[in-house]
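Have a look at the structure below, then the notes.
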Amino acid sequence: MLNINPQYLIDDKGQKTSVLLSIKEYQHLMQCLEDLEDTLEMDAAVRTKMDFRDYRDVRADLIKDD
């Protein structure tokens, strides 16, 4: 796990308005988000799984239709 050390940018009132990360930290966070999205998509696919046909059977059917 990467240690994230955000730096906060504040406005004149002292309110945090933005976060500054190093490129390495940003890229790591983006990779984690992509991995999470992939995991969620896989979970959804497993929950809604259907019967699948073997590629060779599908290809044979397509060739027959030509």
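The hydrophobic cluster containing L36, built from Ile/Leu/Val/Met/Phe/Trp/Tyr side-chain heavy atoms closer than 4.5 Å, also comprises L40.
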Kindly indicate, with the supporting measurements, whether the criterion salt bridge (charged side-chain N to carboxylate O under 4.0 Å, His left out) is fulfilled by D54 and R56. CA-CA 5 Å; D54 187 85; R56 290 171 288 220; 3.0 Å; yes

Can D35 and Q31 be said to form a side chain to side chain contact (heavy atoms under 4.5 Å, CB included), step by step? CA-CA 6 Å; D35 293 346; Q31 185 62 51; 2.9 Å; yes

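Within the model, atoms CE of M30 and CD1 of I23 stand 11.5 Å from one another, a figure rounded to the nearest 0.5 Å. Interatomic distance, NE2 of H28 versus CG of L21, reported as 11.5 Å (0.5 Å rounding). Remark: E37 CD to L33 CG distance equals 6.5 Å, nearest 0.5 Å.
Judged by distance alone, with hydrogens and angles left aside, the side-chain atoms of S18 form no donor-acceptor pair with the main-chain N or O of L9 at under 3.5 Å. Of the possible polar contacts, one joining the E25 side chain to the S22 backbone as a donor-acceptor pair under 3.5 Å is found.
Side-chain contact between L29 and I4: present, with at least one pair of heavy atoms (C-beta onward) separated by less than 4.5 Å.
Residues V19 and P6 approach most closely at CG1-CB, 3.5 Å, considering heavy atoms.
Judged as a salt bridge (charged side-chain N to carboxylate O under 4.0 Å, His left out), and not counting sequence neighbours, the contacts of R53 are D61.
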